[in-house]
2 protein chains.
Amino acid sequence: MAETVNIKRLAQELNISIATVSKALNDSYEISLKTKNRVWTLAKELNYTPNPAASNLRSHKTKTVAVVIPCVANNFFSLSIKGIEEIARQYGYHVLIYQTHENIEAEVAFTNSLLSGRVDGILTSVSSSEYNSEYYTNLVKKIPLVFFDRVYENLDAVKVTTDDYEIAFEATVHLIECGCTKIAYLYGLENLPAGKARFAGYADALKAHQLEVSEQLVVKYSDDEETNLQQIKTLLQVHQPDALFSSIEEFIIPAYCACKELCLQIPSAVKILSFSNLSTAPLLNPSLTTITQPAFEIGREAAKCLFKILHNKQLDDEQNIVLKSMLIKRDSTAC
Amino acid sequence: MAETVNIKRLAQELNISIATVSKALNDSYEISLKTKNRVWTLAKELNYTPNPAASNLRSHKTKTVAVVIPCVANNFFSLSIKGIEEIARQYGYHVLIYQTHENIEAEVAFTNSLLSGRVDGILTSVSSSEYNSEYYTNLVKKIPLVFFDRVYENLDAVKVTTDDYEIAFEATVHLIECGCTKIAYLYGLENLPAGKARFAGYADALKAHQLEVSEQLVVKYSDDEETNLQQIKTLLQVHQPDALFSSIEEFIIPAYCACKELCLQIPSAVKILSFSNLSTAPLLNPSLTTITQPAFEIGREAAKCLFKILHNKQLDDEQNIVLKSMLIKRDSTAC
DNA sequence: TTTAATTACGTAAACGTTTTCGCGTGGCCA
DNA sequence: TGGCCACGCGAAAACGTTTACGTAATTAAA
């Protein structure tokens, strides 16, 4: 029991070669069923587990994928990881996690460190701080990579996204139909296609209803919580919008706080609507109308794509998978 | 550039042995500074990155730790992971994630699969479904392991926990001081020390104030959301408690929903208080009084302990680190 | 001057697999 | 009987490191 149990040991006990043992363990056609069974039973008996390092070294496969995301402590990403992990488990893969904290240098450093054969593939949702297209153009040539939600476009890589433009359009129309005519926009992810699409959906919906799109009604996201709160308060005081359309979850708390501090009733004085995966949206005061992305499914789909690539399976006709978000109407936008 | 760049290649280009290159890269005292510099500059120039599999195989170190937890899509755990990842990054370690979904078989399967040298150590918060002490008694002999929050006791392993008993006691006293005399308990983690300590704190606080501890005022957690909701509704209807003390975050939504459906005003008819790491607790309707665990710090501390062990540093006098939770009083327990 | 110690580097084995190639056996068909 | 093929297995190299040990040259000690 104290002896380390490896292939050599199994071979000795069974009086066969280590090559045969290895092939038997991998269920090779070269080995007779009889021998396989002998190997399998002894392996189970001795509680043999293959040494992953040796296996990786020789076969250049790690059965491991990396997930590179801004932060795990975010409802969307933690749900995505849950989905990824579930699929990875089915395929027998291991999952490494790397948080960039929206820092592009960290992002590049991590992904570079993964290129030395530590993982077979990468799932990533990129940092919003910068749009470093050249880097990823080169990266996708070196390692299988799937983008989810926060993607780079025009690259030779699979992307899993949501219908940001359409759902933002739909949500804006919802606000307009509730009588809003001066809808402010809380702008996040402005460097990324997702952020741009959301804003475009908002802007186009306004235009389609003969409403003006004004720079003055836009607040851009800052890393600093206090700044966001102050900006929203200023917006509410100076321009008196009748609705806040928040493109990211991080604006919810400052938006609610701002209204509270300015004694603005939601939804009578100002309506609020936000992209969000908060499970407590129905319990907020008042309950929050959300655009909820299928975060769990996004993770699952992205992982499935990656494993298809890793197993050289033909990907479906196109490289983009677009999932549908849901507009869930609640009290914060009640008419 | 197409050539794979490994130690052999560096050695050839510099006309020195691969042993020297390896030692230089590892900053060995055996190598002169002059040679080291030659190696380092060429390594940078050729963008050399060591092959982790080969390194692991030979040195039996992986620079990788595993985190085994019930689920990442939970505020407490995602914050813990954030803390773990931050420390791991500082030490240059990689982080593998495994979700057990409260399934003890998955938990055992995962940890067993980690024993073949895939990781140098494990950080875990165990499943609540069962208390499998024998398994962990053996496990801690085989691999460095640190428990956090959900721990096994009386084992030769480091534990990072919070002051569950004391804070539950304090919270219960808070409810009593608000005039509550019939405080119901929503019981989670009942198989684990944390769950038992929380309940004990609640029960002892009641006794200390000459209040009765009644089985009838206790609802135990079920996997099924609907069941929890129904149980709480029944509890409210039949026994009419004047407060709900929830020992886990998962009870919050059903508790609020139950009160809403039964038209019971919070906090006038019934007060609610819960263990929780929800960032939106202040925005709930009404805002929720919480016992908030320092999840991020727990992750950091647990990781620090593990790395101390891995580097054979002396651990501080004792094996248990106990961090303080915070009782944050809000409207749901307003007097 | 001799001897021991130190410095700087090289040789080669080892880590535990996977995989290519080759070999012997037996069966089949002509 | 001879030739061919399929089958089942083994020998050995390879993956890219780390490391115990050896060695030559230089330095310090006696």
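Chain letters run A, B, ... following the sequence lines, proteins first, then strands; residues in each count from 1. We use all heavy atoms of the structure for the numbers below, so side chains are in, but hydrogens, waters and symmetry mates are not.
- Counting only N and O atoms by type, the side chains of B:N191 and B:S128 include no donor and acceptor under 3.5 Å apart.
- With rounding to whole Å, A:K61 atom NZ is found 14 Å from D:dC15 atom C1'.
- Between A:Q12 atom CD and C:dG16 atom C1' there is a gap of 13 Å when expressed in whole angstrom units.
- Mapping A:S22 and B:I18 onto DNA chain C by nearest heavy atom places B:I18 at the nucleotide closer to the 5' end.
- Phosphate proximity of C:dC9 to B:Y29: absent, as no side-chain N or O sits under 4.0 Å from OP1 or OP2.
- With hydrogens and angles disregarded, no donor-acceptor distance shorter than 3.5 Å links the side chain of A:S22 to the backbone of A:A19.
- Comparing D:dG16, C:dA8, C:dT18 by their nearest atom to the side chain of B:S32 picks out C:dA8.
- Note on A:T35: a side-chain N or O is less than 4.0 Å away from OP1 or OP2 of D:dC9.
- Of the listed nucleotides (D:dG10, C:dT19, D:dC15), D:dG10 has the atom at the smallest distance from the side chain of A:E30.
- If you measure from atom CG of B:N51 to atom P of C:dT18, you get 16 Å, rounded to the nearest angstrom.
- Side chains of A:Y135 and A:E130: no donor on one and acceptor on the other come within 3.5 Å.
- No hydrogens or angles considered: a donor-acceptor pair under 3.5 Å links the side chains of B:H94 and A:Y98.
- Taking atom NZ on A:K8 and atom C1' on D:dA12, their separation rounds to 14 Å, with Å as the unit.
- Mapping B:N15 and B:A54 onto DNA chain C via the closest heavy atom, the residue that lands nearer the 5' end is B:N15.
- In this structure, A:D27 places its CG atom 13 Å from P of C:dT18, rounding to the nearest Å.
- As rounded to whole Å, 18 Å separates atom P of D:dA6 from atom CD1 of A:I31.
- Going from atom CG of A:N26 over to atom C1' of C:dG16 covers 13 Å, rounded to whole Å.
- Regarding contacts with the backbone of D:dG10, a side-chain N or O of A:S17 is found under 4.0 angstrom from either OP1 or OP2.
- Summary of the strand contacts: B:P50 and B:K23 both lie near DNA chain D, and taking for each the nucleotide with the nearest heavy atom, the more 5' one is attributed to B:P50.
- A donor-acceptor contact under 3.5 Å links the side chain of A:R58 to the base of C:dT18.
- Between A:Y93 and A:F307, the ring planes are tilted. Angles from 30° to 60° get that label.
- Atom CG of A:L25 and atom P of C:dG16 are 15 Å apart (whole Å).
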